[in-house]
Amino acid sequence: MNNWESLFHKFNDLRVLVIGDLMVDSYLFGKVDRISPEAPVPVVSVERRESRLGGAANVARNLRALGASVTIASVLGKDEQGQVLKGLLEEEQINTGGLHHSETRRTTVKHRIIGNNHQMLRVDDEDLHDLNQEEERAVWTWLEANLKDFSVVVFEDYDKGTLNESLIGKVINKANKLGIPTVVDPKKRNFLSYKKATLFKPNLKEIREGLKLDSNLKEKEELEAAVNQLMDMLEARMVMVTLSERGVLISDGKEQIHLPAHVRNIADVSGAGDTVVSVAALCLAAGAGMHETAFLSNLAGGLVCEKVGVVPVEKTKLLQEASKLS
């Protein structure tokens, strides 16, 4: 068994907790062959409908595809779409014990209307306000009792309100006391709230907005300085910035490693960030080094870009590629 096989084998023994914003990705697929007489818009004749796991739920799906046991902690509405989402999670064998159903929130749904294989319109149906005190208390009560059972915690933040500074701080503090690594996929609202996280993984746009930088970070020195600034502000153990076609940059404060992207036939970049954070979390929990973590995460993100739509990474394919390239 080579080093990669050994690492992938360890993934099967890991228990991962994903905390964050869940959503349903809803699709209407159809044909367009006329313009509406009511307004200058195309008429889509629906041929099929699909509901898929979105947001933090897609990260959970990626983690399951890599062999880990996964539990979700989040808040859903007491509505039809909340039941749909719970059902989809259970189909993927994702533990839903950490879900809280709220009387006051809608389950987030992104409706996409696809005509003749082109997206014509997206309609977002969601609440964006923070959890109320009762909802936050319910989530924290469950987390406080169950956090000890996990190998790693992944924060998947989409600025939809599930995560706030208070909850983030309590979870990271308890995880650190228990010696459990925390991995963060941030968004703008809580960007600087993840103090003392183990691995912080923004993309280029998020690091620019989060640090309110004017520069575009195209220059190596600018990017490295921004990463150092972020590490100081967050007191994170590691920061990994995904750079799209430029690969990834990872730093532990002592060393910075820049790995270029692997040359791919890019079909669709949707969901690549979810794959990257999933692989990074499992590498960290399995005891992989910084270089291994960045290499495998970067490779996995490239692989899913070869597929159309949001798809989880194929574990066997990723192992084959890693073994071949290293």
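All residue numbers refer to positions in the sequence shown, counting from 1. All values below were derived from every heavy atom in this structure, side-chain atoms included, with hydrogens, water molecules and symmetry-related copies excluded.
- Using a 3.5 Å distance cut-off with no hydrogens or angles, the side chains of Glu90 and Asn95 do not pair a donor with an acceptor.
- Linking Ile, Leu, Val, Met, Phe, Trp and Tyr whenever their side-chain heavy atoms come within less than 4.5 Å leaves Val24 and Val46 in two separate clusters.
- A salt bridge between Asp185 and Lys201 is present, with a side-chain N of the basic residue lying under 4.0 Å from a carboxylate O of the acidic one.
- For the residue pair Asp130 / Asn164, no side-chain donor-acceptor distance below 3.5 Å is found, with atom types taken as modelled.
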Give the intermediate values and the outcome of ring pair (Phe, Tyr, Trp, His ring centres under 6.0 Å) for residues Phe200 and Phe191.
-> CA-CA 10 Å; Phe200 191 77; Phe191 192 79; 5.1 Å; yes
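- Salt bridge annotation for Arg61-Glu92: present, with a cationic side-chain nitrogen under 4.0 angstrom from a carboxylate oxygen.
- Two residues are said to be in side-chain contact when any heavy atoms from C-beta on lie closer than 4.5 Å; Ser51 and Leu88 meet this criterion.
- Ion pair Asp125/Arg106 flagged as a salt bridge, since at least one NZ, NE, NH1 or NH2 atom sits closer than 4.0 Å to an Asp/Glu carboxylate oxygen.
- Taking the ring axis of Phe29 as reference, the NZ or CZ atom of Arg49 does not stay both within 45° of it and closer than 6.0 Å to the ring centre.
- Between Gln256 and Val227, some side-chain heavy-atom pair lies under the 4.5 Å cut-off.
- In this structure, Phe155 is not a member of the same hydrophobic cluster as Val59, with clusters built from ILVMFWY side-chain heavy atoms closer than 4.5 Å.
- Within 6.0 Å of atom CG in Asp232, more than 12 heavy atoms from other residues, nucleotides or ligands are found, so the atom counts as buried in its surroundings.
- Leu243 is not connected to Met238 by any chain of hydrophobic side-chain contacts under 4.5 Å among Ile, Leu, Val, Met, Phe, Trp and Tyr, and they are in different clusters.
- Using cut-offs of 30° and 60° on the angle between ring planes, the pair Trp142 and Phe150 is tilted.
- Proximity of a side-chain donor or acceptor of Thr242 to a complementary backbone N or O of Ser244 within less than 3.5 Å is not detected.
- Using a 4.0 Å cut-off between a side-chain N of Lys or Arg and a carboxylate O of Asp or Glu, Lys170 and Glu136 qualify as a salt bridge.
- The environment of Glu144 atom CD is dense: over 12 non-hydrogen atoms of other residues, nucleotides or ligands sit within 6.0 angstrom.
- Ion pairing of Asp25 with Arg112 is present here, as a side-chain N (NZ or NE/NH1/NH2) and a carboxylate O approach within less than 4.0 Å.
- Between Glu50 and Arg48, at least one side-chain N (NZ, or NE/NH1/NH2) sits under 4.0 Å from a carboxylate O, which counts as a salt bridge.
- Contact check for Arg237 versus Asp252: no side-chain heavy atoms found under the 4.5 Å cut-off.
- Put simply, the side chain of His111 does not reach to within 4.5 Å of the side chain of Leu28, judged on heavy atoms.
- Counting only heavy atoms from C-beta outward, the side chains of Leu282 and Val16 approach each other to under 4.5 Å.
- In the model, Lys195 has no side-chain atom that pairs as donor or acceptor with a side-chain atom of Asn173 under 3.5 Å.
- Annotation for Lys205: atom NZ does not count as buried by contact number, only 12 or fewer foreign heavy atoms lying within 6.0 Å.
- Glu134 has no carboxylate O lying under 4.0 Å from a charged side-chain N of Arg137, or vice versa, which leaves the two without a salt bridge.
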Would Val277 and Leu199 count as a side-chain contact (heavy atoms from CB on, under 4.5 Å) if you check the C-alpha gap in whole Å, the side-chain angles of each, and the deciding distance to 0.1 Å?
-> CA-CA 9 Å; Val277 78; Leu199 175 66; over 6 Å; no
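- Under 4.0 Å is where a charged nitrogen must lie from a carboxylate oxygen, and between Glu224 and Lys220 at least one such pair does.
- More than 12 heavy atoms of other shown residues, nucleotides or ligands fall within 6.0 angstrom of atom CD in Gln119.
- Side-chain atoms of Leu284 and Val183, non-hydrogen and from C-beta on, do get closer than 4.5 Å to each other.
- Between the side chains of Asp274 and Asn58, a donor-acceptor pair is found at a separation under 3.5 Å.
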